[in-house]
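What follows is one structure encoded as structure tokens, with my remarks underneath.
Every heavy atom of this structure was used, including side-chain atoms; hydrogens, water molecules and symmetry mates were not.
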Amino acid sequence: LDARLSRDPVFVERFVREARMLARLSHPNVVALHDFGSAASGRLFFLMAYVDGANLRQMIRAKISPAEALALTPQ
């Protein structure tokens with residue numbers, strides 16, 4: 001994340017709280033969080049499993065059909 005964010009104590013507190021919650025999740029449709037913290041440069045980071053495929057922005061731009069979107073929704 002942008003290094004400027006690590007200078008905002010409110011942002012850092014929220015980042016850590018959300019990272020802890022995400023680290024506790026275990027679900028086939030949620031990407032695993034392996035680590036989080038602050039790098040030597042001061043930047044905050046998440047270390048997550050790599051998932052090959054399209055991201056949400058790419059899916060929206062691809063203009064998937066309503067049927068395809070509804071098939072993904074329960075996941």
Side-chain angles (χ1 to χ4, degrees):
L1 297 173
D2 189 315
R4 292 175 289 188
L5 295 172
S6 64
R7 294 191 293 267
D8 179 351
V10 173
F11 181 87
V12 172
E13 180 182 341
R14 182 176 175 182
F15 174 88
V16 170
R17 184 175 59 244
E18 290 184 10
R20 285 183 179 142
M21 285 188 286
L22 182 57
R24 287 189 293 230
L25 288 176
S26 177
H27 188 277
N29 294 328
V30 176
V31 177
L33 175 68
H34 297 293
D35 196 10
F36 66 92
S38 178
S41 65
R43 290 180 184 264
L44 298 169
F45 70 89
F46 283 140
L47 177 61
M48 303 177 85
Y50 175 75
V51 177
D52 192 20
N55 63 36
L56 180 58
R57 178 175 288 138
Q58 292 165 331
M59 296 291 287
I60 291 169
R61 287 183 178 157
K63 300 188 186 217
I64 63 174
S65 72
E68 290 172 303
L70 287 173
L72 293 172
T73 301
Q75 296 179 26

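Remark: the backbone N or O of N55 is paired with a side-chain donor or acceptor of Q58 at under 3.5 angstrom.
In this pair, F36 and F15 present their aromatic rings perpendicular. The plane angle is above 60°, beyond the 30 to 60° band.
V51 and L33 end up in the same hydrophobic cluster when Ile, Leu, Val, Met, Phe, Trp and Tyr side chains are linked at under 4.5 Å. Placement of M21 and F45 in two distinct hydrophobic clusters is found when ILVMFWY residues are connected by side-chain heavy-atom separations under 4.5 Å, directly or transitively.
Contact detail for F46 and A19: the closest heavy-atom pair is CE2-CB, 3.4 Å. Here the closest non-hydrogen pair linking M59 and A54 is SD-CB, 3.7 Å. M48 and H34 make their closest contact through C-CD2, 3.9 Å (heavy atoms, listed as atom of the first residue, atom of the second, distance).
The line from CG of D8 to CZ of R14 is 11.0 Å long, rounded to the nearest 0.5 Å. One distance of note links CZ of R7 with CG of L44; it measures 11.0 Å at 0.5 Å rounding.
Few gaps surround CZ on R17; more than 12 heavy atoms of other groups in view lie less than 6.0 Å from it.
With a 4.5 Å cut-off on side-chain heavy atoms, V30 and L22 count as touching.
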